[in-house]
Amino acid sequence: MVNAIASKPQAVYIKNMDSHLTALNPMQRKAVEQLDGPVLVLAGAGTGKTRVLTARLAHLLISGKATPHQILAVTFTNKAAGEMRERVAKYVGSPVEGWWIGTFHSIAARILRRHAPLLDLKPTFTILGDDDQERLLKQIMQGRDIDTKKTPPRMVVDTISRWKDRVMTPGDLGPGDASDIADGKMREIYREYQERLKTLNACDFGDLILHCITLLRNQPDILAQYQRHFRYILVDEYQDTNLAQYLWLRLLAQGHQNICCVGDDDQSIYGWRGAEVGNILRFEEDYPGAEVIRLEENYRSTGHILGAASGLIAHNRGRLGKTLWAASHQDGEKIAVMSLWRGDEEVRFIADEMEKRRRTGDPWSRMAILLRTGYQTRAFEEHFLSRGIPHRVIGGMRFFERQEIRDAIAYLRVIAQPDDDMALLRIINLPKRGLGNTTVDDILQAARSSGQSLTQAIARLLGTDALRPKVKTTLASLMDDFARWRQLGAETTHLRLAETVLEESGYLAMWRAEKSPEAQGRLENLRELVSGAMAEFEDLPAFLEHVSLVMDTESRKGEDAASIMTLHGAKGLEFDTVFLPGWEEGLFPGQRTLDENGSAGLEEERRLAYVGITRARKRAFISHAGERYLFGSLTTPLPSRFLAELPEEHVSRKMSSFSPPRFGGYGERQKPEKPAQPKWSREWRERQNAAPAERPPAPKTISLRESEGGFGLGERVFHQKFGYGKVIGMDHDRLDISFEHAGRKKVLDSFVIPADEVGEGMFT
DNA sequence: CTCGGCAGAATTTTT
DNA sequence: TTCTGCCGAG
C-alpha cells in the first residue's frame, strides 16, 4: 500500500551541493536548516519567502533526510506550486513529476482517487466547478419552491462552502445556522446537495478536503501509512488556510510533527472565503515546542515604503508582530498621497505619471495599478486604450471560466464520462435543438425516479413512447452523435476529437452565426483551447482532470505592458512603481466589509492596504478623489481613514491645484454651483483637527488659480474634454479656443489650464 | 421555444 | 453605467 502512495523511486542527482545555502541571511538559513520538528516561518513581505521554501526542500534532499516522494509540499495556487516545482528542479537533476508538490486541492484529489470506494465514490469522480455547483443548487432550490430571486443560488453556494471550510456537515448544523437564508431550509438543501453529488459521482472543491479528512479519520491504517510516508511537510501561505485544511495538515503531521509552515499574518486577506488567521496565530499552541523564525529583512522596498506600510499595519491588533527593515540603506522617495478633485482626474494623473516614468526609461511592466474592486479597472482600461498606454488587466475572467470554454469542455466531459449529468445538462440544448426546459425537466424527472444518470434515462425513454416524436428524434440523434464521438475518441487524438465535436455539434456554427464582436473572440478562444491548452496533455482524461482543478492559464506574457489588477490579485507580486487609487471611505475600506464584519473586517482591509503598499519596490502613489461616479451617479466620498494612519515622515501629501469645474462641462446642462470646497476637504480637515497631535496636518490648497482670465492670446491650453488647443480669442471669462482635435469652441476659462501645467504642473 | 424588453443589483477569489 | 436574469408575448 505504501508503494501505491509513492510512484516509482527515482534517483536524485544533486547539482551544486551547497548552492542552496549560499546567499542566505542568518534567519533564512535557520529556517532552511531547522528540519525536524514543527517550525513556523513568519515571512514578512519581500523577505525571501519563496527562496527559503525551495532551499529548505533542497536541503531536505541533500541532507538525505528524505527522498522526493517523502516530502509533501502544499501551496494554494497552481501558480505557486508550479514555481516551487520549477525552482526545485534547478537544484535537482531529475524531473519533479510524481512528487507531492501541489495545491491543497490537487493533493487531496490525488489521495481521494486512490481510496474513492471507501467514500462511496468511483475513482473517476468529477470535480465540480462553481458554476456547476450553482446550477445544481438552483435546481435543488427550485425543486423545493424556494425563490431563487430572493435567495440567489450564489449565496447558497457560498454558505455551503463556508460550512465545508469549517468541516461542518449537514448533521453538524444547529437549527439556528443560516436560518435567515432560503426560508431556513439551508440544512435540507445542503443535505440534498450532498446526496446529489454522490449520485453524480462528483465532488466540489470543499469535498476534496472534507472527504480526505473523513477518510483519514475513519481509516486509521490508511492515516498511519500517509503519516509514515510523508516524513516532512511544507506549507506555503499558512495564513490562508481554513479550518478544514488546518485539520487535514494536523492529521498528516501527527506523529513526527515535521511540519514547516510559512506565512505572514499581516498578509491574511482571504478571511471572507474561510481563511482563519487564527491558524497561524495559534501555531505555537497547536505544535508545542515549535520553533518560530521571523524573517524581517526586506529586500524589496525602500525605507519610506516600509516605514509607511509598517506604520499603517501597526494600527491592527491581534498580530504576531514583525518589524520589517530595509536591507538597502536607501530611504528612497516618500510615498505620495494625492488628493484629487474627481475620479477622472485621478485616472489622468496616473496615466501622466506613468508616461513620465516611461520617458525616463522605466518599462511599463514595472508599473502597476492596484485596485480594491474589479469594476475600478474599467476607467483605467478605457483611458489607457484611448491614450495608447500598453496595459494588461489581470484577473478578470479567467480562460477556463469563459462560457465558450466551459461549453466545449462540457461536450468533452460527456464524451469521456457519459454519466456526467452536469455536463450534459449544460450543452443538451446548446446550440438550440428544441430541447427546452419542459423536455429537460421531464428527462430529469425520469432519471431521478429510476436512479439512473441522464444518459441512461434518455436511452431508456427512447425505447418508449413517453416523448414527443420530434423530441425523440432530436434526442436520438444527439445520443448517436455522442456514441460516434466516443468511438472516434478511441481512434484518434483528443485534439482531433475536440475539433470534430465542436464542428459536428454545431457549436462553432452557433458562434460563427453570431454577429457580435465577442463572437470572434470566442472562436479564437476555442481554437486556443484545442491548439494551446489541450495540446499540452496526453489524452482527454488527463486534460479533464487538469481542467477541473486548474482554472488558470498564462495569458501572453513577455510583452511590455503595465498591470492593472485588484489588490488581492497582487499578492506575491512586486513592481517598481505602484499606484493605489481610490482610497476612499466606502470603497477602501469597503462599506460592505465594515457593515458585515466590523472591526475584523476593517483590519482585513488594512492588511489589504499593507499588501498594496509593500508591492512597491521604489515608489508608491496613493490617491483619492473628492467626487466619483459610481454606478451612474455622483458620489462625494471622504478620504480613507488609512490615509490618516500613514506616518507623516514617510509620506508627502499633495493636492490637485486643478480648479474644480463649477459646471458639468462645456455644452452640457449646467448644474448648480458647487460649494467652494468639496465635502471631503472640509470634513477631512475637521477630522484632522479633532485628532491627536500626531495626526497629519490638513492638506493645503496651495495654488488654486488666483483669478479667472489669466490666459493670453496664443497660449496653449488643456481642456479635460477637448484636449489641447490654442487661445485665439477672449471675452471676459469666455475663451475662444482652437482645439487640436475637437476644433474651435468657446469655453469658460475655468475649464482650461495652461498646457504646461498638465501632468507635473498639476500638483504643488 | 425563443426573443426582446425591463427591473434590479453591482467586493475581494482559489481550487 | 452596465450586466444579468426573468417574464411575457409571439
Side-chain angles (χ1 to χ4, degrees), chain A residues 74-81 102-109 127-130 132-134 138 142 147-150 152-155 157-158 161 164-165 203-209 237 240-242 244-245 268-275 343 370-379 382 394-398 400-401 403 429 431-440 468 470-471 474 518 545-552 565-572 582 586-597 601 604-605 607-609 611-612 628-635:
Chain A
V74 215
T75 63
F76 272 85
T77 64
N78 289 294
K79 193 170 157 227
T103 62
F104 277 97
H105 296 274
S106 67
I107 286 171
I127 300 165
L128 257 47
D130 26 303
D132 287 332
Q133 279 182 71
E134 204 171 315
K138 193 168 170 187
Q142 281 166 346
D147 189 354
T148 51
K149 199 148 65 181
K150 232 173 64 201
R154 177 79 259 154
M155 195 165 154
V157 171
D158 287 343
S161 300
K164 290 188 176 180
D165 290 342
C203 285
D204 64 22
F205 285 113
D207 286 338
L208 293 175
I209 311 288
E237 306 279 17
D240 289 337
T241 51
N242 59 37
Q245 289 156 339
S268 163
I269 54 175
Y270 287 109
W272 50 273
R273 65 179 202 213
L370 309 183
L371 305 154
R372 178 62 183 83
T373 68
Y375 58 72
Q376 289 172 273
T377 56
R378 174 176 271 129
E382 281 170 3
I394 295 169
M397 183 74 78
R398 278 178 301 284
F400 284 108
E401 273 172 15
Q403 188 191 334
N429 197 29
K432 301 258 178 345
R433 305 185 165 89
L435 301 170
N437 277 331
T438 349
T439 314
V440 171
R468 299 205 315 273
K470 209 169 171 184
V471 170
T474 316
E518 305 109 71
E545 172 73 1
H546 171 81
V547 158
S548 57
L549 281 167
V550 181
M551 301 312 254
D552 225 8
M565 65 180 107
T566 64
L567 286 159
H568 284 91
K571 194 166 81 155
L587 183 58
F588 191 38
Q591 194 52 53
R592 203 157 145 189
T593 311
L594 261 34
D595 292 346
E596 287 169 15
N597 300 305
E604 184 154 307
E605 295 281 289
R607 290 194 289 268
L608 201 49
V611 167
R628 187 181 293 283
Y629 278 95
L630 209 54
F631 305 133
S633 59
L634 186 69
T635 58

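Because the structure is a prediction, the values reported are computed rather than measured. So you know, we letter chains A, B, ... as the sequences are listed, proteins then strands, and number each from 1.
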For A:Asn429 and B:dC1, is the shortest distance between a side-chain N/O and OP1 or OP2 below 4.0 Å?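 So the side chain of A:Asn429 is outside the cut-off, no N or O lying under 4.0 Å from OP1 or OP2 of B:dC1.
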Under 4.0 Å between a side-chain N or O of A:Thr438 and OP1 or OP2 of B:dC1?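 Checking A:Thr438 against B:dC1: at least one side-chain N or O falls below 4.0 Å of OP1 or OP2.
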So what does [X] hit on the nucleic acid, given a heavy-atom distance under 4.0 Å: a base, only sugar-phosphate, or nothing?
X        : result
A:Phe104 : nothing
A:Lys571 : nothing
A:Leu587 : nothing
A:Gly374 : sugar-phosphate
A:Arg378 : sugar-phosphate
A:Gln591 : nothing

Value in whole Å for how far the [atom2] atom of [N] lies from [atom1] of [X]:
X        : N      : atom1 : atom2 : answer
A:Gln133 : B:dT13 : CD    : C1'   : 13 Å
A:Asp165 : B:dT14 : CG    : C1'   : 11 Å
A:Ile394 : B:dT13 : CD1   : P     : 12 Å
A:Asp158 : B:dT15 : CG    : P     : 17 Å
A:Asn242 : B:dT14 : CG    : P     : 15 Å
A:His105 : B:dT13 : NE2   : P     : 16 Å
A:Asp132 : B:dT14 : CG    : C1'   : 16 Å

Would you please name every residue forming a salt bridge (Lys or Arg N to Asp or Glu O under 4.0 Å) with [X], sequence neighbours left out?
X        : result
A:Arg628 : A:Glu346, A:Glu584
A:Asp207 : A:Lys164
A:Arg273 : none
A:Lys571 : A:Glu237, A:Asp240

Toward the 5' end of DNA chain B, which comes first, A:Gly434 or A:Gly590, by nearest nucleotide?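 Closer to the 5' end of DNA chain B: A:Gly434.
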Taking the nucleotide of DNA chain B with the closest heavy atom to each, which residue, A:Gly569 or A:Arg468, is nearer the 5' end?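 Result of the comparison: A:Arg468.
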Nucleotide nearest [X] (side chain, heavy atoms from C-beta), chosen from [options]:
X        : options                : result
A:His568 : B:dT15, B:dT13, B:dA10 : B:dT13
A:Tyr270 : B:dT13, B:dT15, B:dT12 : B:dT13
A:Arg273 : B:dT14, B:dT12, B:dT15 : B:dT14
A:Trp272 : B:dC3, B:dT12, B:dT15  : B:dT12

Give every pair of a protein N or O atom and an N or O atom of nucleotides 4-8 of chain B that lie under 3.5 Å apart, one pair per line with the distance.
none

Nearest atoms (heavy-atom pairs only) where A:Gly582 meets A:Leu587: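 So the minimum-distance heavy-atom pair works out to O-CD2, 3.5 Å.
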Looking only at heavy atoms, which two atoms of A:Ala109 and A:Ile127 are closest? And how far apart?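 Scanning both residues completely, I find the closest heavy atoms to be CB-CD1, 4.3 Å.
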Can you tell me how the ring of A:His568 sits relative to the ring of A:Tyr270, calling it parallel under 30°, perpendicular over 60° and tilted otherwise?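 It falls in the tilted class, 30° to 60°.
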Check whether the aromatic ring of A:Phe631 stacks on the base of B:dA10, taking stacking as ring centres less than 5.5 Å apart and planes within 30° of each other.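 It does: the two rings, one from A:Phe631 and one from B:dA10, meet the stacking criterion.
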Stepwise side chain to side chain contact (heavy atoms under 4.5 Å, CB included) test for A:Thr103 and A:Thr75: CA-CA 5 Å; A:Thr103 62; A:Thr75 63; 4.0 Å; yes
Contact boundaries on DNA chain C for chain A, cut-off under 4.0 Å to non-hydrogen atoms: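 Counting from the 5' end, contacts occupy C:dT1 to C:dC6.
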N/O donor-acceptor pair under 3.5 Å between A:Glu134 side chain and A:Val157 backbone: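 Not at all, since once roles are kept as given, no pair shorter than 3.5 Å links the two residues.
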With a 3.5 Å distance limit and no angle check, can you tell me whether A:Glu604 reaches the backbone of A:Gly271 through a side-chain donor-acceptor pair?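 A pair under 3.5 Å: yes.
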Does any non-hydrogen side-chain atom of A:Asn429 lie less than 4.5 Å from one of A:Val440?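 No; the side chains remain at least 4.5 Å from each other.
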